[in-house]
Chemist: 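First, the structure itself, so that you have it in front of you.
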Amino acid sequence: LSKSSQIVSGLALITFKLFLQALEDGLKKADADPSVKAVMICGENGKFSAGADIRGFSSPKRHGVALSPIVSLIESSEKPVVAAIEGVALGGGLEVALGCHYRVAHAKARMGLPEVTIGLLPGAEGTQRLPRLIGVPAALDMITTGKHIPATEALKLGLVDEIVEENTIEAAIRLANKVIGQPLEPRRLSLKPVPKLPNMEAFLREALVKVKRQARGCLAPELCVQAVRAATERPFAEGVRRERELFGLLLSSGQAQALQYAFFAERAVRRWAAPGGASWSSAAPQPVRKAAVIGLGTMGRGIVTSLVKANIPVVALEQDLEYLNKGRKAVMLLLEREAMKMEGGAQTLDFHNPARLQFTVDFDLLCDVDLVIEAVFENMALKKEIFHKLSKICKPGALLCTNTSALNIDEIASATNRPQQVIGTHFFSPAHVMRLLEIIYGRHTSPTAIATAMQLAKALKKVGVVVGNCFGFVGNRMMFPYVQQAVFLLEEGSRPEAVDQVLEDFGFKIGPFRMSDLAGLDVGWRSRKEQGLTGPSLAAGTPARQRHGQRYSPLPDLLCEQGRFGQKTGKGWYQYERAGGRTATPDPWLHDFLSQYRDTHGIQSRFIDQEEILERCLFSLINEGFAILAEGIASGPEHLDVIYINGYGWPKHRGGPMFYASTVGLPRVLAKLQKYSEAHPDVPGLRPNAFLKKLVAVRSPPLKEWMSYLSHQSPKL
Ligand SMILES: CCCCCCCCCCCCC[C@H](O)CC(=O)SCCNC(=O)CCNC(=O)[C@H](O)C(C)(C)COP(=O)(O)OP(=O)(O)OC[C@H]1O[C@@H](n2cnc3c(N)ncnc32)[C@H](O)[C@@H]1OP(=O)(O)O
């Protein structure tokens, strides 16, 4: 290394405090040493920095405050300071780089200010320096979305001065040597004005409206805009004061804790555990070099697209040529759209190459695949027939996955000669977009099969969550009581738009009735008919609003009988502009229908307030979550929360249903369930679960301790 350069190496994240100290000491030493003419800052092991230690924000001794003075120290250095960015420069890491006079990045490096995604804003002067460097529109985009940008884009934006394919550190040292003696004033960002826009005020106003609309109650994006606005209106030092004030507000908002909990929960669920002690640490995945998808309906199409995007060669199979051609067209359309979004376009996806994507009706072509995902109708007999066939055709090691959303994995596995290789992989619609993959092990599923499914989730850039086998698994099982309450509320006097509004105001992307119209009411109807809850197999004389001694609402069945399947038929809980339309409007027909229904069944309609709507829907869902934990279907509350955030549109800034319950307070959840259960004794979903009661009895310990209060280690794990 050049004599005139001083290396200050970044340390690992967990030693953020030590890193700050090392940086400060190194800078001061370099400054005091006349033989040092320039400074280069790099990271260790090919990574610049992932920013501040997120765990530090919820610890009583916060470290964050120490970063800003160091960034200022770097910037005010009389010797040129060059950042050599490899791997990632995120959050506080990028803020350090912004304090440097020059930035050199490796072509594969990524940069960003992702604080907004953990409920914060860049708190080490990043909201003030970045707009000065790259202008308000680009800075605002990075700060309010938290997106990571590749080095090539950073170069275009002027965020870095140079990108290199080879040795970044050597390139940074070369640059440092070159700029020795050149004036540093123009390189100190705090001294630069924010580039003007002709319509700055209107631009910021519109930006605020946009982030508020997208954030659905999440505070951080809005406060990010306010911090950038301060950069445009105030001198640097005052802008920094405003940034600090807003950072403090976010830190104490509660949303930051929820989002940071969600960050770690998503990582915690990677460490799965299954019966017999098998776990992520001992099981190794099998390679998946080729996959097959059976069934090219909505789910199958999305799954094929997802596999192609992950560069896994796929055989896509349908029952006959008519369905195959329909499916092929739809898949090609999806892939073309996806290719347009990607750099390199269609060439990157290579989906026109039959070696990468093959459409067939011939089961025998599945003989050499490593993994099959069955995505046909939710019909047990059909699934068993397919799995029986697969166990005859597929090679011995092939993993057999079913995309069922509720059915018994053990029963499906019983149709094969290899139940240890059968596993549930429950995708969420649209499967090439939604991040969740619920992975369900059966009684005989091997650890290798679980590890392979988890590896598949990672390859597809999804969040895999391993859960046990029960009707509806985790996500849908918790959803049943939620939707059931929503329908009961209609019976009692509410309207779809009122219920949806309350839940959307809470932060759900879409309320239960809009969701039901989108998914299609016929899906649930088919399942209820199969369960004998409605339709021809229902025993004569069954009371209209009761099944097995419990309250039942036939409302969704009645709508289906009228052909109201939701968006696809143009009518459901709402009316739409046409069949396939997407704009839901309240439907006077439905309002009349509900009145008549109440009259027919002698139900006294009443006004139901927002609190009751919210509590009955959410607390019944949470109550089921406690049952799931107690039964060992999931190994911890984090699993339920990750499932809800990534698969069911639960607002991330509320941390997931179980985290939310812990913030509301378990005693309150229990008291409200008790109250509603007394009013509706025929609704088991409202009866407080014993595990919830137990946690309240032991004074509501923190969420991470809940599982230690289960008297037995669950039978499933
Ligand atoms: C009351 C008045 C108060 C006023 C105060 C005012 C002044 C305050 C000044 C504050 C200064 C703020 C400084 C700065 O602005 C704030 C920040 O920097 S916040 C952090 C921002 N960074 C991030 O959000 C990055 C998060 N990490 C990632 O995106 C990814 O982890 C990655 C870096 C892209 C790597 O991804 P992968 O390769 O997939 O690896 P993993 O994600 O699995 O991570 C591996 C492992 O590392 C843990 N980890 C990663 N990043 C962090 C982090 N920043 N902090 C802590 N831990 C981190 C991750 O959890 C994994 O560990 P595991 O969970 O598996 O054990």
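What you see below is based on every heavy atom in this structure, not just the backbone, and it leaves out hydrogens, waters and symmetry mates. Every number for a ligand or one of its atoms is a count from 1 in the order of the listing. Just so it is clear, the model here is predicted, and its values are computed rather than measured.
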Chemist: Should you measure from each heavy atom of I118, which atoms of ligand 1 turn up under 4.0 Å away?
Modeler: 19 (S)
Chemist: Look only at interatomic distance and state if S68 has a nitrogen or oxygen under 3.5 Å from any nitrogen or oxygen of ligand 1.
Modeler: no
Chemist: Salt-bridged, D641 to K652, with N to O below 4.0 Å?
Modeler: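 No.
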Chemist: With atoms numbered from 1 as shown, which atoms in ligand 1 lie under 4.0 angstrom from a non-hydrogen atom of F247?
Modeler: 5 (C), 6 (C), 8 (C), 10 (C)
Chemist: Does R271 reach ligand 1, in the sense of a heavy atom lying below 4.0 Å from it?
Modeler: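 Yes, that is the case, since the closest heavy atom of the residue is under 4.0 Å from the ligand.
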Chemist: Counting from 1, what ligand 1 atoms have a heavy atom of E115 closer than 4.0 Å?
Modeler: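 The list of qualifying atoms is 14 (C), 15 (O), 16 (C), 17 (C), 18 (O), 19 (S).
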Chemist: Give the atom numbers and elements of ligand 1 that come within less than 4.0 Å of a heavy atom of P122.
Modeler: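 That gives atoms 15 (O) of ligand 1.
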Chemist: Between E44 and K47 (salt bridge meaning N to carboxylate O under 4.0 Å), is one present in this structure?
Modeler: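 Looking at E44 and K47, the cut-off is not met.
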Chemist: Nearest heavy atom to atom 2 (C) of ligand 1: which of G56, S49, G248 does it belong to?
Modeler: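 The option holding the nearest heavy atom is G248.
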Chemist: Only one of E438, M478, E638 forms a side chain to side chain contact (heavy atoms under 4.5 Å, CB included) with I643, so which one is it?
Modeler: E438
Chemist: Pull out every atom of ligand 1 sitting under 4.0 Å from any heavy atom of L67, numbered as shown with elements.
Modeler: 13 (C)
Chemist: In terms of the angle between their ring planes, are F626 and W706 parallel, tilted or perpendicular, with boundaries placed at 30° and 60°?
Modeler: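 F626 and W706: tilted rings.
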Chemist: Give the numbers and elements of all ligand 1 atoms closer than 4.0 Å to a heavy atom of E95.
Modeler: 13 (C), 14 (C), 15 (O)
Chemist: Would you say F57 has any N or O atom under 3.5 Å from an N or O of ligand 1, going by distance alone?
Modeler: no
Chemist: With atoms numbered from 1 as shown, which atoms in ligand 1 lie under 4.0 angstrom from a non-hydrogen atom of G51?
Modeler: 18 (O)
Chemist: Out of R267, K458, E125, who gets a non-hydrogen atom closest to atom 61 (C) of ligand 1?
Modeler: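 Ranked by closest heavy atom to atom 61 (C) of ligand 1, first place is R267.
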Chemist: Would you check whether L90 has a nitrogen or oxygen atom less than 3.5 angstrom from a nitrogen or oxygen atom of ligand 1?
Modeler: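 N/O-N/O distance under 3.5 Å: no.
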Chemist: Using a 6.0 Å distance limit plus a 45 degree cone around the ring axis, check whether R55 lies over the aromatic ring of F264.
Modeler: yes
Chemist: So does R187 pair up with E75, basic N to acidic O under 4.0 Å?
Modeler: no
Chemist: For the side chain of R654 and the backbone of F506, is there at least one donor-acceptor N/O pair under 3.5 Å apart?
Modeler: yes
Chemist: Counting only nitrogen or oxygen atoms and a 3.5 angstrom limit, does F264 reach ligand 1?
Modeler: no
Chemist: Only heavy atoms of R270, strictly under 4.0 Å: list the atoms of ligand 1 that pass.
Modeler: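 Per the distance check, 41 (P), 43 (O).
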Chemist: Is there a nitrogen or oxygen of R244 sitting under 3.5 Å from a nitrogen or oxygen of ligand 1?
Modeler: no
Chemist: Parallel, tilted or perpendicular: which one describes the rings of Y648 and Y644, with boundaries at 30° and 60°?
Modeler: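 Because their plane-to-plane angle is under 30°, the rings of Y648 and Y644 count as parallel.
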Chemist: Should the pair E153-K156 be classified as a salt bridge under the 4.0 Å nitrogen-to-oxygen rule?
Modeler: no
Chemist: Should the pair R234 and F236 be classed as cation-pi, given the thresholds of under 6.0 Å to the six-membered ring centre and 45° from the axis?
Modeler: no
